Amino acid sequence: GQNIDQPTEMTATEGAIVQINCTYQTSGFNGLFWYQQHAGEAPTFLSYNVLDGLEEKGRFSSFLSRSKGYSYLLLKELQMKDSASYLCAVSDNTDKLIFGTGTRLQVFP
Amino acid sequence: SQTIHQWPATLVQPVGSPLSLECTVEGTSNPNLYWYRQAAGRGLQLLFYSVGIGQISSEVPQNLSASRPQDRQFILSSKKLLLSDSGFYLCAWSRDRVSPLHFGNGTRLTVT
């Protein structure tokens with residue numbers, strides 16, 4: 001079956017670095033996406049990984065290991081506005097994007 | 001550029017009443033279209049997706065239905081709402097299975 005696991009909640013301090021992990025088991029794999037969702041708002045796209053390795057985009061980086069069914073999102077130089085839920089999603093071998101339940105990150109001053 | 005419009009933003013409906021949520025996409029053709037639901041504090045649950053006009057795939061059995069009468073229009077409906085239908089409904093589009101989803105602003109539905 002389809003399964004995507006993320007920690008439910010994480011806390012961090014402003015200026016610090018935080019790593020949000022995601023493990024997945026899906027029927028086929030066409031890439032892994034990370035989304036950011038602020039409370040009461042729609043998710044917005046952060047990153048896409050289809051090959052193993054690290055993709056860096058400003059303060060955010062995302063890593064993928066297909067053999068391990070594992071990804072992480074790395075947020076550097078945390079800011080208060082980074083407090084949000086972070087959703088891991090996998091594109092399987094159909095046209096569907098399967099989402100994890102999300103990790104709620106709280107950044108404290 | 002592409003834009004996605006979803007309305008209404010909020011809706012309060014009594015149990016047993018009908019539902020119609022509409023979503024339209026501009027600036028692209030033949031998009032993949034999706035309806036997701038997010039219960040309070042929960043993840044995104046895929047309800048329906050469509051890869052073309054008149055083509056609808058349902059992910060979970062429920063009292064909701066979807067239709068795609070035009071290439072860039074996706075409608076979510078119900079004949080009789082249940083309390084459990086309350087949630088945050090999100091419409092989304094993508095070019096294909098390896099492209100990011102772009103979400104509408106969502107509809108917060110409360111069934112009373």
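Below, all heavy atoms of this structure are taken into account, side chains as well, without hydrogens, waters or symmetry copies. Bear in mind the structure is a predicted one, so any value in this text is a computation, not a measurement. So you know, we letter chains A, B, ... as the sequences are listed, proteins then strands, and number each from 1.
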Identify whether [X] and [Y] are in the same connected component of the hydrophobic contact network (ILVMFWY, side-chain heavy atoms under 4.5 Å).
| X | Y | result |
| --- | --- | --- |
| Leu11(B) | Val111(B) | yes |
| Leu19(B) | Val12(B) | no |
| Phe63(A) | Ile17(A) | yes |
| Leu101(B) | Phe60(A) | no |
| Met80(A) | Leu78(A) | yes |

Side chain, backbone, both or neither: which part of [X] has a heavy atom under 4.5 Å from chain A?
| X | value |
| --- | --- |
| Leu44(B) | both |
| Val98(B) | both |
| Leu46(B) | side chain |

For this session: Just give me the residue among Ala92(B), Gly106(B), Pro100(B), Gly43(B) that pairs up with chain A most often, heavy atom to heavy atom, under 4.5 Å.
Result: Pro100(B)
Interchain donor-acceptor contacts below 3.5 Å (chain A, chain B):
unit_1: Tyr35(A); atom_1: OH; unit_2: Leu101(B); atom_2: N; d: 2.7
unit_1: Tyr35(A); atom_1: OH; unit_2: Leu101(B); atom_2: O; d: 3.3
unit_1: Gln37(A); atom_1: OE1; unit_2: Gln38(B); atom_2: NE2; d: 3.0
unit_1: Gln37(A); atom_1: NE2; unit_2: Gln38(B); atom_2: OE1; d: 2.8
unit_1: Ser91(A); atom_1: OG; unit_2: Arg97(B); atom_2: O; d: 2.6
unit_1: Asn93(A); atom_1: O; unit_2: Arg97(B); atom_2: NH1; d: 3.3
unit_1: Thr94(A); atom_1: O; unit_2: Arg97(B); atom_2: NE; d: 3.1
unit_1: Asp95(A); atom_1: O; unit_2: Tyr34(B); atom_2: OH; d: 2.6
unit_1: Lys96(A); atom_1: NZ; unit_2: Glu59(B); atom_2: OE1; d: 3.2
unit_1: Leu97(A); atom_1: O; unit_2: Tyr36(B); atom_2: OH; d: 2.7

For this session: Identify, with sequence neighbours excluded, every residue that meets ring-ring contact (aromatic ring centres under 6.0 Å, His included) alongside Phe88(B).
Result: none
Problem set entry | Minimum heavy-atom distance Ala42(A)-Gly104(B), with the two atoms named | CB-O, 3.0 Å
Seminar exercise, completed: Applied to residues 21-108 of chain A, the disulfide (SG to SG under 2.5 Å) test, sequence neighbours excluded, yields Cys22(A)-Cys88(A)
Problem set entry | Partners meeting salt bridge (Lys or Arg N to Asp or Glu O under 4.0 Å) with Glu14(A) (sequence neighbours left out) | none
For this session: Examine whether an atom of Leu87(A) lies under 4.5 Å from a heavy atom of chain B, and if so say whether it belongs to the side chain, the backbone or both; otherwise answer neither.
Result: side chain
